[in-house]
Asker: 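I'd like to ask you about the structure that follows.
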Amino acid sequence: MVYDLIIIGSGPAGLAAAIYAARARLSFLVLEKMPLSGGQILNTYEVENYPGIPTIGGFELGMKLREHAEHQGTEMIHIEVRHISLEEQGRIKVLYTDGKEYRARTVILAMGAKYRTLGIPGEKELTGMGVSYCATCDGAFFRGRKVAVAGGGDVAAEDALFLARGCEKVYLIHRRDQLRAAGVLQEKLRAAENVELVWNTEVTRVNGEEHVESIWTRKKDGTEQLLEVDGLFIAVGNLPQTELVAKLLQLDETGYIPAGENCVTELPGVFAAGDIRTKQLRQVVTAVADGANAVASVQEYLYKMI
Ligand SMILES: Cc1cc2nc3c(=O)[nH]c(=O)nc-3n(C[C@H](O)[C@H](O)[C@H](O)COP(=O)(O)OP(=O)(O)OC[C@H]3O[C@@H](n4cnc5c(N)ncnc54)[C@H](O)[C@@H]3O)c2cc1C
């Protein structure tokens, strides 16, 4: 069978695309490599910036998006797409998974992003034993303890605030002298009594045998300090999940897929939606907007193909 559309990834962008594709009565399929749909938002404690829903748990929002897509009749298969090739002068896209191939006239790439590592000694060895990339997933294990967060953007600030609710002390360690995080988050950080901002400093090593016991930090002037913490939360940005298309498409200098609001890429019939594309703001609200726009572009492409 050749589908009108295959959506790769079922985060907010992929699920919004599924809702729009179902309503457009396209024959389509969603392929998702994880056992649960929802993408990064599943690991988010609270979402307070999705218009119309003042506060919702990230997991709950992910589940609601999935339910909505399924309610519209979305067919979802939990399998990883490992390779894409083109047939019939690019008119047919072939998606290879372990054991099965899927064919479609159009593809929406909605594979999102994943966390970046620091690459310091002890980080890999102690991941899951005090080193975490998801405060909302692991924060509860550190109730009443001392922890550090490395980073300076929105996610680092949110993580520090979330951890401050249950931890005795939170160090927010940033290599510059000011945060990139939104003003409202910075205000909350300054108001939190158990958050200490550590400026111009990098984490250089994580120490511990069976779990994190301390971290070494280094200031810009070279001063080193040992901080006794039970956990290190790393929030230093995301990596776009573009390996699958790195040979098919030209990526931008930071590895994202160049595509505008219409999600059209340089490859006819291939569209990029959500965190994976070059854009100003990577959030649920922009990801779901992309999902809708991508399907509008798919319809236009299919219409011209006939
Ligand atoms: C800790 C944290 C807190 C956040 N807080 C907020 C917030 O409060 N508000 C907000 O608006 N946004 C928040 N975000 C950002 C938001 O989660 C993302 O912008 C959004 O999830 C992007 O959606 P997406 O669909 O583009 O990608 P993703 O959510 O990354 O989903 C991509 C999906 O594609 C799948 N996939 C990848 N490769 C393949 C493959 N080869 N085959 C099959 N499937 C594949 C992945 O498994 C994943 O399910 C937060 C993010 C994080 C990490």
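Not measured: the values here are computed from a predicted model. We count ligands from 1, going down the list as the structure has it; atoms in each ligand are counted the same way.
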Asker: For atom 42 (N) of ligand 1, what's the nearest protein heavy atom and its distance?
Answerer: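 Heavy-atom neighbour on the protein nearest atom 42 (N) of ligand 1: V81 N, 3.1 Å.
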Asker: Assess the pair Y102 and Y96: is the distance between their ring centroids shorter than 6.0 Å?
Answerer: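 No, too far apart.
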Asker: What do we get for A287 next to ligand 1 when only non-hydrogen atoms under 4.0 Å count, side chain, backbone, both or neither?
Answerer: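 Side chain only.
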Asker: Nearest to atom 1 (C) of ligand 1, what protein heavy atom do you find, and at what distance?
Answerer: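 Heavy-atom neighbour on the protein nearest atom 1 (C) of ligand 1: V155 CG1, 3.9 Å.
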Asker: What protein heavy atom is closest to atom 8 (O) of ligand 1, reported as residue, atom name and distance in Å?
Answerer: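 In this structure, atom 8 (O) of ligand 1 has E46 O, 3.7 Å as its nearest protein heavy atom.
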Asker: For ligand 1, does A235 get within less than 4.0 Å through its side chain, its backbone, both, or neither, judged by non-hydrogen atoms?
Answerer: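 No part of A235 comes within reach of ligand 1.
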Asker: May I ask you to identify the nearest protein heavy atom to atom 2 (C) of ligand 1, giving residue, atom name and distance to one decimal place in Å?
Answerer: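 In this structure, atom 2 (C) of ligand 1 has T44 OG1, 3.6 Å as its nearest protein heavy atom.
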Asker: Just distances here: any N/O of M34 and N/O of ligand 1 closer than 3.5 Å?
Answerer: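 No - when backbone and side-chain N and O of M34 are compared with those of ligand 1, no distance drops under 3.5 Å.
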Asker: Would a 4.5 Å heavy-atom cut-off, applied to side chains only, mark L267 and V245 as touching?
Answerer: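 L267 vs V245: side chains apart.
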Asker: Can you tell which of V30, I56, L281, N49 gets a heavy atom nearest to atom 9 (N) of ligand 1?
Answerer: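 Nearest heavy atom to atom 9 (N) of ligand 1 lies in N49.
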Asker: Ignoring hydrogens, what is the shortest heavy-atom contact between A259 and T265? Give both atom names and the distance.
Answerer: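 Smallest interatomic distance, heavy atoms only, reads CB-CG2, 4.4 Å.
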Asker: We want to know whether N194 and E168 form a side-chain donor-acceptor pair, criterion being a heavy-atom distance below 3.5 angstrom.
Answerer: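 Absent: no donor and acceptor within the cut-off.
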Asker: Checking Q241 side chain against L239 main chain: does a donor-acceptor pair fall under 3.5 Å?
Answerer: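 Yes; at least one donor-acceptor contact below 3.5 Å.
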Asker: Can you pull out the closest protein heavy atom to atom 35 (C) of ligand 1? Residue, atom name and distance to 0.1 Å, please.
Answerer: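 The closest heavy atom on the protein side is E32 OE1, 3.3 Å.
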Asker: Considering only non-hydrogen protein atoms, determine which one is nearest to atom 44 (N) of ligand 1 and report residue, atom name and distance to 0.1 Å.
Answerer: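 Nearest neighbour among protein heavy atoms for atom 44 (N) of ligand 1, to 0.1 Å: K33 N, 3.0 Å.
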Asker: Is ligand 1 under 4.0 Å from a heavy atom in the side chain of L15, in the backbone, in both, or in neither?
Answerer: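 Neither part.
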Asker: How long is the gap from CE on M111 to CG on L31, to the nearest 0.5 Å?
Answerer: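 With rounding to 0.5 Å, CE (M111) is 11.0 Å from CG (L31).
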Asker: If you measure from each heavy atom of E243 to ligand 1, is any distance below 4.0 Å?
Answerer: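 Heavy atoms of E243 never come under 4.0 Å of ligand 1.
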Asker: Would you mind listing which atoms of ligand 1 come within a distance below 4.0 Å of any non-hydrogen atom of I8?
Answerer: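 What qualifies from ligand 1 is 40 (C), 42 (N), 43 (C).
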Asker: Can you report which non-hydrogen protein atom sits closest to atom 19 (O) of ligand 1, along with the distance?
Answerer: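 Here the closest protein heavy atom is D275 OD1, 2.9 Å.
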Asker: Please state which part of A110 comes within less than 4.0 Å of ligand 1, counting heavy atoms only: side chain, backbone, both or neither.
Answerer: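 Near ligand 1, A110 shows its backbone, while the atoms from C-beta on stay back.
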Asker: Any side-chain heavy atom of I234 sitting closer than 4.5 Å to one from V131?
Answerer: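 I234 vs V131: side chains touch.
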Asker: Counting only heavy atoms, tell me which of G9, G291, G11, P12 gets closest to atom 21 (O) of ligand 1.
Answerer: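 Comparing heavy atoms across G9, G291, G11, P12, the nearest one to atom 21 (O) of ligand 1 lies in P12.
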Asker: Looking at atom 29 (O) of ligand 1, what's its closest protein heavy atom, distance included?
Answerer: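 Of every protein heavy atom, Q40 N, 2.9 Å lies nearest to atom 29 (O) of ligand 1.
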Asker: At under 4.0 Å between heavy atoms, which part of K114 makes contact with ligand 1: side chain, backbone, both or neither?
Answerer: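 None of K114 does.
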Asker: In sequence, state the C-alpha distance, the side-chain angles, and the governing distance for K279 and D290, and then conclude on salt bridge (charged side-chain N to carboxylate O under 4.0 Å, His left out).
Answerer: CA-CA 10 Å; K279 58 157 75 174; D290 279 5; 3.0 Å; yes
